[in-house]
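Along the sequence shown, residues carry numbers from 1.
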Amino acid sequence: MGKKHFYQSRWKGGDLFYKFFLSNYCLNKCCYKSCKYKCFLSSADIRIGDLWGKTFKDENLGTNAVIVFTENGAKILEQLKQCNLSPIATNTCVEGQMKKCPSLPLIYRHLLKALGKDEPLQKTFNHIVKPYRLLTIPKRIMNLISYKLGIKLISH
């Protein structure tokens, strides 16, 4: 019988960095309006990152994607002889990526100001993020329902 493995996500395990970041509460301001680096847009030679999409969701080996944007990036990639590289569909690379800009949270300015203070993250999370999450439960439920049903809701 093989070894048993246990994986606890940092999100569900209480890692505050992941709670702030993956909830889109304190991204760079341009991420909320007009990010020019989404999906296949970049000013970099190459982009390297974890594959978060559905294709690799059950894979625990740590599969990463490398997207080459320039000729210089292609030259760099050619030099990586010790890496196991396999081509995959471009859509697979962006399955788990944000396709559109998230909404700017109402707590954004207040949260950034609090994060700039020398206070514990847990305190900031408890006093600002938790109450906001409670207020947004109805909207999040509607978003989940519309996603599961494959319909677009009209927002006001």
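- Distance check: Arg109 CZ to Leu104 CG gives 9.5 Å after rounding to the nearest 0.5 Å.
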Result block: side-chain N/O donor-acceptor pairs under 3.5 angstrom for residues 138-150, not counting sequence neighbours:
residue : atom : partner : partner atom : Å
Arg140  : NE   : Thr136  : OG1          : 3.2
Arg140  : NH2  : Arg133  : O            : 2.5
Asn143  : ND2  : Lys139  : O            : 3.4
Ser146  : OG   : Met142  : O            : 3.4
Ser146  : OG   : Asn143  : O            : 2.9

- With side chain to side chain contact (heavy atoms under 4.5 Å, CB included) as the test, would you mind laying out the steps for Ile46 and Phe69 before giving the verdict? CA-CA 6 Å; Ile46 58 175; Phe69 293 106; 5.6 Å; no

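- No donor-acceptor distance shorter than 3.5 angstrom exists from the side chain of Thr92 to the backbone of Ile88, with no hydrogens or angles considered.
- In this structure, the ring pair (Phe, Tyr, Trp, His ring centres under 6.0 Å) partners of Tyr132, at least two apart in sequence or on a different chain, are Tyr25.
- Asn126 and Gln122 are linked by a side-chain donor-acceptor pair at a separation below 3.5 angstrom, with hydrogens and angles left out of the test.
- Leu77 is listed as a side-chain neighbour of Val66, based on a closest heavy-atom distance under 4.5 Å.
- With Glu119 contributing its side chain and Thr124 its backbone, the two residues share no donor-acceptor pair below 3.5 Å.
- Between the Tyr32 side chain and the Leu27 main chain, a donor and an acceptor come within less than 3.5 Å of each other.
- Between Ala74 and Val68, the closest heavy-atom pair is N-CG1, 3.3 Å.
- Atom NZ of Lys75 sits about 6.5 Å away from atom CG of Asn72, to the nearest 0.5 Å.
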- Message: Apply side chain to side chain contact (heavy atoms under 4.5 Å, CB included) to residues Ser23 and Val129 and explain how you reach the verdict.
- Response: CA-CA 10 Å; Ser23 295; Val129 176; 6.0 Å; no

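- With values rounded to the nearest 0.5 angstrom, Leu85 atom CG is found 11.0 Å from Glu78 atom CD.
- For the atom pair NZ (Lys117) and NZ (Lys123), the distance works out to 8.0 Å, reported to the nearest 0.5 Å.
- Summarising the geometry, atom CG belonging to Asp45 is positioned 3.5 Å from atom OG1 belonging to Thr70; distances are rounded to the nearest 0.5 Å.
- Hydrophobic clustering (side-chain heavy atoms under 4.5 Å, transitive across Ile, Leu, Val, Met, Phe, Trp, Tyr) keeps Ile67 apart from Ile76.
- If you take CG on Leu112 and NZ on Lys29, they are separated by 8.5 Å, rounding to the nearest 0.5 Å.
- For the pair Ser42 (side chain) and Ala44 (backbone), a donor-acceptor distance under 3.5 Å is present.
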- Task: Step by step, work out the side chain to side chain contact (heavy atoms under 4.5 Å, CB included) result for Phe17 and Leu121.
- Result: CA-CA 9 Å; Phe17 170 79; Leu121 276 181; 5.8 Å; no

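- Side-chain contact between Leu51 and Asn64: absent, with no pair of heavy atoms (C-beta onward) separated by less than 4.5 Å.
- Minimum heavy-atom separation, Cys101 to Cys35: SG-N, 3.8 Å.
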